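Heads up: the structure comes next, in structure tokens.
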Amino acid sequence: MQSRVIDGKAVAADVRAGVARDVAALKAGHGLTPGLAVVLVGEDPASKVYVKNKGEQTKEAGMNSWEYRLPAETSEAEILAVVEKLNNDPAVNGILVQLPLPKHVNAERVLNTIDPNKDVDGFHPVNVGRLWIGERTLVPCTPTGSVILAKTVQPNLSGMNAVVIGRSNIVGKPVAALLLRENCTVTVAHSRTRNIESVVKGADLLIAAVGIPEMVKGDWVKPGAIVIDVGINRVPSANGKTKLVGDCDYESCAQVAGAITPVPGGVGPMTIACLLQNTVEAAKIQRGIK
Ligand code: GUN
């Protein structure tokens, strides 16, 4: 049986529409227009595209958007000074420093300087702690988007066996925390996991975030499982060009799964939508609004 394809573009558009409604309500009810500042250091082409899209979608949702473009040779001290300035600016509710940063900059020090209540990436150790103990916090965007997509198929994830492949700080660990909050039984598999196929086979919900092109094959997948593919891997294609593939072998997995996200068009579009949602949430947290 061919599985249901989860349309990340459509779900992301719904999330953005919800953000626009929340922004309108904050303006009308509290005189508050949330604002997001993005800091881009250097000329990485992919980062430039992300930052441009973030700015456009922030404005489309009715929020303020600022971009700080700094040359690649900007010193760490200068970057930290920009972050401090944004921390102290009450009009700025969200701060995102685009990664990767140039090699001479200590990225951890920069990210840890962001005010936790403005940390719309949810990477600050204070927010990581809040997530794991179940406090209100800013949750990393890609994990949030992955769980929203799973819930379009099964709104109640309680009691499901969820397997996460990958243990990164950006996706694997926070998505495990979120799934635990959804009352799943969570297994985190990684490069040292023994018999990974049999571990994956036990998953009612599979989140693949490992960064290995098409690693998960259809015969690893439990029939009817929900498969959320976070991988975005560029690989050579037959015509001598390149193509994007996920961490799951889509053709074979789609024969077995109950529902699956495509790459591209699955988790990818959700990330910026969730960033916009976090900017609204940051503004509410800062103003003490529920
Ligand atoms: N670069 C690529 N993805 C991301 C992200 O989610 N956050 C930040 N800060 N940089 C990125």
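Only heavy atoms go into these numbers, but all of them, side chains included; no hydrogens, no water, no symmetry mates. Along the sequence shown, residues carry numbers from 1. For clarity, every value in this text was computed on a predicted model and none was experimentally measured. Start at 1 and go down the list; that is how both ligands and their atoms are numbered.
The nearest heavy-atom contact from the protein to atom 4 (C) of ligand 1 is Gln98 NE2, 4.3 Å.
Considering backbone and side-chain N/O of Phe123, none are found under 3.5 Å from N/O of ligand 1. Annotation: Lys54 places no N or O atom under 3.5 Å from an N or O atom of ligand 1; distance criterion only.
Counting heavy atoms from C-beta outward, Ser237 and Thr242 have side chains that stay 4.5 Å or more apart. For the pair Val49/Val51, no side-chain contact is recorded, criterion being any heavy-atom separation below 4.5 Å from C-beta on.
Heavy-atom proximity to Leu96, at under 4.0 Å, picks out these atoms of ligand 1: 9 (N). Near Val97, the atoms of ligand 1 lying under 4.0 angstrom from a non-hydrogen atom of the residue are 8 (C), 9 (N).
With a 4.0 Å cut-off on non-hydrogen atoms, Leu99 touches ligand 1 through its backbone as well as its side chain.
Using a cut-off of 4.0 Å between Lys/Arg side-chain N and Asp/Glu carboxylate O, Glu197 and Lys201 are scored as not salt-bridged.
Summarising the contacts of atom 5 (C) of ligand 1 with Asp121, Ile232, Thr271, the nearest heavy atom is found in Asp121.
For the side chain to side chain contact (heavy atoms under 4.5 Å, CB included) with Leu36, the qualifying choice from Asn93, Ile95, Leu275, Val92 is Leu275, the only one to do so. A side-chain hydrogen bond (donor to acceptor under 3.5 Å, both in side chains) with Asp119 is found for one member of Asn127, Asn112, Thr113 and no other, namely Asn127.
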Which atom pairs, donor and acceptor, lie under 3.5 Å between side-chain atoms of residues 4-15 and protein residues at least two apart or in another chain?
unit_1 : atom_1 : unit_2 : atom_2 : d
Arg4   : NH2    : Thr152 : O      : 3.2
Asp7   : OD1    : Lys9   : N      : 3.1
Asp7   : OD1    : Ala10  : N      : 3.1

